[in-house]
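These figures come from a predicted structure and were not determined experimentally. Count residues from 1 along the sequence.
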Amino acid sequence: MNAGVSDFVGWLDSFFKAYYRRLPVNATFIGIHEHDDQLPDFSEHGAGDTLAEMEMLLEGLHQLPPERLSEAEALDRKLAEGFLEIQQWEYSSQHFHRGNPSLYTGEAIFGILSLFLTSFAPLDQRVASAIARMEAIPAFLAQGKANIRRAPAAWTDRAIRECTGALAFLQDGVERLIRNEPITDLRFRRAADKASSAFADFQHYLEGELRPHVTETYACGEQALDLMIHCGHFFALDAEEVVRYAEEQLAEAQAYLDAHAADFGAVTWRDALAQLADLHPTIENYYDRYTELWDTCRTTAEAHDLLTWPDFPIRYVPRPMWSRKAAPYLYFLFYRSPAAFNRPEVHDYLVTPIDASLPVEEQEKLLRANNDSVIKLNHVVHHGSIGHHVQNWHAFRAESRIGRIAAVDCASRIAMFCSGTMAEGWACYATSLMGEVGFLTPLELYAEHQSRRRMSARAVVDVRLHQDRMTLDEAATFYEQRAGMNAQAARGEAVKNSMFSGAAMMYLLGADRIKQLRQEMAVQWGSAFSLRRFHDQFLSYGSVPVALIAEEMKRKADAG
């Protein structure tokens, strides 16, 4: 390896060391455990040091001598530079540690939960780390109080909700862990009580002091939005082109839904889709139904030779008892990406629990909400099988070091913004792919047009909200009127969009660029084209922007 390459590899080592040290909760989720006893430092001094370190890393990158990099190293150079530029904006903006209280509540509680979601280390080691993090929570939440004197009302409300979830875990959840694991270290309960008092105090601050001083500034601004599009997603589009395309796709999806409701004996698309709830498992085979559909999905994919399916088992299990009171208030995912490093042999997918002791009407309500189409489209295809889970397995083997870790789910979002068009774009594309090979019923295929309608609406809101051309209330109304969401879902989606600028467009743009690339490669490869070849090569790049993968695959094809 020549000196230039060695210089970059050394720089990238420093980049990752800084990333894991500055974002220790992310590091835990990724499978790097040197910082499991720590929380981030968002104090004035800590944030200043982080900004200075990012500036130093960028300066060091720009001063590297001209070098001949491998394809993966050249990709990592682009991604690392883009990540640092976006992080510089985040640390200088009012969207994160200086203006969003839910950043603090999310990092604090998931700093603890991350230690118990998988058994990556002996229990006593994870308990010791949890004790250290719980003891650090009072000082960490105090940083939130010092840094945030005004905040958007919706972000404050979300943080209050997360405090409720945190208190539920630190009281009921901790007691269940102590009894059931069991945990014998008496410091664990004392540290939980200390953390519980800190969360209660922070909730009191949010309700009594922060909520009366609200701001309605949700927009990140056009300059920051362009940064996300060009240095995060690496699209050549500008924001207005994103909106025009999304509006076109939104109109097409709506027209299809209206035109084909009658195919299912319905007057409206809502009436047609309501029929999906009638097809659901019984309480006796509820948990088995997830595995049955997973097995059928794999069999179908293999029969059509779609891609290399990994030997990476998944197990559908009910959400653990210790999490059940807290989960409804938190960013508690059904499928959380396995750690890139130190992965379990079998990954647990945490499904909504059902109890035969529930009243019959409650059982029926839960089963209808978790009907066959929800299990198949969301919990199997999109998340647990050919979507996220298979893509993650391929990513963990990528030559790109950033591509291995960027799409790991962390406290409130994925580890690196640049992975979004691959992670969510692939999962949405995979659902349409399974429709192509007959895995979806006609009604489920019809429902996919509603999903596409929502994806398109998200891209419109993502741009207009952050251009400050749409208020939060207008965004929620847009979702109700144009995407067919109910009021609660519309509001929740709008709030999420407001917190994470540039993220909502990744579904539509990612999925559609994959479809376009597939068509392009079919032409360029000619008779050598196969779905397996295309998908395996595409996924081999890891969790990196679809636009950059397209550039590389087309360049290789052009070079013969």
Side-chain angles (χ1 to χ4, degrees), residues 70-72 74-75 78-79 229-230 233-238 241-242 244-253 255-256 300-309 381-382 386-387 390-391 393-395 397-400 403 418-440 445 448-449 451-452 455-456 459 505-560:
S70 70
E71 178 184 77
L75 185 59
K78 288 181 182 178
L79 297 178
I229 294 171
H230 299 136
H233 299 321
F234 288 86
F235 281 122
L237 301 171
D238 63 29
E241 289 174 306
V242 171
R244 283 196 295 273
Y245 180 74
E247 285 279 16
E248 290 171 2
Q249 301 307 308
L250 179 58
E252 286 185 17
Y256 187 94
T300 304
E302 290 177 337
H304 290 272
D305 202 28
L306 296 183
L307 45 62
T308 298
W309 193 289
V381 176
H382 187 100
I386 194 171
V390 167
Q391 188 265 315
W393 182 88
H394 283 272
R397 286 152 179 77
E399 291 186 32
S400 164
C418 63
S419 67
T421 54
M422 166 58 90
E424 296 302 346
W426 170 263
C428 295
Y429 166 80
T431 307
S432 66
L433 177 66
M434 293 308 295
E436 288 180 42
V437 298
F439 184 61
L440 309 187
L445 284 169
E448 280 303 287
H449 291 275
S451 297
R452 187 162 180 81
M455 285 196 300
S456 302
M505 66 178 69
M506 64 180 60
Y507 300 80
L508 177 70
L509 298 184
D512 285 9
R513 187 64 186 95
I514 297 171
K515 292 177 185 176
Q516 180 186 347
L517 178 62
R518 175 176 145 184
Q519 293 168 353
E520 293 166 350
M521 300 313 297
V523 172
Q524 290 192 269
W525 287 350
S527 61
F529 178 86
S530 72
L531 288 175
R532 175 189 281 270
R533 180 187 177 192
F534 170 72
H535 292 141
D536 281 1
Q537 184 171 330
F538 176 77
L539 292 172
S540 71
Y541 286 87
S543 298
V544 302
V546 171
L548 294 184
I549 299 175
E551 287 180 9
E552 286 300 316
M553 289 184 66
K554 290 170 65 181
R555 180 186 62 78
K556 286 182 178 178
D558 289 340

A.B. asks: When rounded to the nearest 0.5 angstrom, what is the spacing between CD in E241 and CG in L509?
C.D. replies: 11.0 Å
A.B. asks: Under 3.5 Å, is there a donor-acceptor pair between the side chain of T421 and the main chain of V546?
C.D. replies: yes
A.B. asks: Are a donor atom and an acceptor atom from the side chains of E520 and Q516 found within less than 3.5 Å of each other?
C.D. replies: yes
A.B. asks: For the pair Q524 and D558, evaluate side chain to side chain contact (heavy atoms under 4.5 Å, CB included) and give the outcome as yes or no after the intermediate values.
C.D. replies: CA-CA 8 Å; Q524 290 192 269; D558 289 340; 2.6 Å; yes
A.B. asks: Just do the side chain to side chain contact (heavy atoms under 4.5 Å, CB included) check on L75 and V544 with the steps written out, would you?
C.D. replies: CA-CA 9 Å; L75 185 59; V544 302; 3.9 Å; yes
A.B. asks: Supply the atom-to-atom distance H394 NE2 to L307 CG, rounded to the nearest 0.5 angstrom.
C.D. replies: 5.5 Å
A.B. asks: Should R532 and T308 be marked as a side-chain hydrogen bond (donor to acceptor under 3.5 Å, both in side chains) after you check the CA-CA gap, both sets of side-chain angles, and the distance that decides it?
C.D. replies: CA-CA 7 Å; R532 175 189 281 270; T308 298; 2.9 Å; yes
A.B. asks: Evaluate T300 against M434 for side chain to side chain contact (heavy atoms under 4.5 Å, CB included), listing each step before the verdict.
C.D. replies: CA-CA 8 Å; T300 304; M434 293 308 295; 3.9 Å; yes
A.B. asks: Looking at E399, I'd like to know if its CD atom is crowded, meaning that more than 12 non-hydrogen atoms belonging to other residues, nucleotides or ligands lie closer than 6.0 Å.
C.D. replies: no
A.B. asks: Could you list the residues that satisfy salt bridge (Lys or Arg N to Asp or Glu O under 4.0 Å) with E552, not counting sequence neighbours?
C.D. replies: R555
A.B. asks: Measure across A301 and I386 and return the closest heavy-atom pair with its distance rounded to 0.1 Å.
C.D. replies: CB-CD1, 4.3 Å
A.B. asks: Say you draw a straight line from OG of S543 to CD of Q391; how long is it, rounded to the nearest 0.5 Å?
C.D. replies: 4.0 Å
A.B. asks: Do L433 and F439 have side chains that approach each other closer than 4.5 Å (heavy atoms only, starting at C-beta)?
C.D. replies: no
A.B. asks: Quick test of your reading of the model: are E436 and R518 salt-bridged, counting only N-O distances below 4.0 Å?
C.D. replies: yes
A.B. asks: Quick one: do E71 and K556 make a salt bridge, cutoff under 4.0 Å?
C.D. replies: yes
A.B. asks: Taking atom CH2 of W393 and atom CG of L539, what is their separation to the nearest 0.5 Å?
C.D. replies: 10.0 Å
A.B. asks: Is the closest side-chain heavy-atom distance between M521 and Q537 below 4.5 Å?
C.D. replies: no
A.B. asks: Quick check: W426 with H535 (ring centres under 6.0 Å apart)?
C.D. replies: yes
A.B. asks: Compare all side-chain heavy atoms of F538 with those of M422 and state whether any distance is below 4.5 angstrom.
C.D. replies: yes
A.B. asks: Find out whether L508 and R452 are in side-chain contact, i.e. whether some heavy atom of one side chain is under 4.5 Å from a heavy atom of the other.
C.D. replies: yes
A.B. asks: Just how far is it from atom NE2 of H449 to atom OG of S456, taken to the nearest 0.5 Å?
C.D. replies: 11.5 Å
A.B. asks: Apply side chain to side chain contact (heavy atoms under 4.5 Å, CB included) to L79 and L548, showing your working.
C.D. replies: CA-CA 10 Å; L79 297 178; L548 294 184; 3.9 Å; yes
A.B. asks: Give the ring-plane orientation class for F534 versus F529, where under 30° counts as parallel, over 60° as perpendicular and anything between as tilted.
C.D. replies: tilted
A.B. asks: Kindly give the heavy-atom pair with the smallest separation between H304 and V437, and that separation in Å.
C.D. replies: NE2-O, 3.4 Å
A.B. asks: Using a 4.5 Å cut-off on heavy atoms from C-beta on, say whether the side chain of C428 contacts that of H382.
C.D. replies: yes
A.B. asks: Are H230 and L237 packed together at the side-chain level, in the sense that at least one heavy-atom pair is separated by less than 4.5 angstrom?
C.D. replies: no
A.B. asks: Assess, by modelled atom type and distance only, whether the side chains of D512 and Y429 contain a donor and an acceptor separated by less than 3.5 Å.
C.D. replies: no
A.B. asks: Is a donor from one side chain sitting under 3.5 angstrom from an acceptor on the other, for E448 and T431?
C.D. replies: no
A.B. asks: Does a side-chain heavy-atom distance below 4.5 Å link E252 with Y256?
C.D. replies: no
A.B. asks: Go through the structure and list residues passing salt bridge (Lys or Arg N to Asp or Glu O under 4.0 Å) with E302, not counting sequence neighbours.
C.D. replies: R298
A.B. asks: Looking at every non-hydrogen atom in both residues, tell me the closest pair between P545 and F234 and how far apart they are.
C.D. replies: CG-CD1, 3.7 Å
A.B. asks: Residues in salt bridge (Lys or Arg N to Asp or Glu O under 4.0 Å) with D238, at least two apart?
C.D. replies: none
A.B. asks: Any side-chain heavy atom of K515 within less than 4.5 Å of one from S432?
C.D. replies: yes
A.B. asks: Write down the atom of A459, the atom of A246, and the distance for their closest heavy-atom approach.
C.D. replies: CB-CB, 3.7 Å
A.B. asks: Just how far is it from atom CG of L440 to atom CG of L445, taken to the nearest 0.5 Å?
C.D. replies: 5.0 Å
A.B. asks: Identify whether the distance between the nearest side-chain nitrogen and carboxylate oxygen of R533 and D305 falls below 4.0 Å.
C.D. replies: no
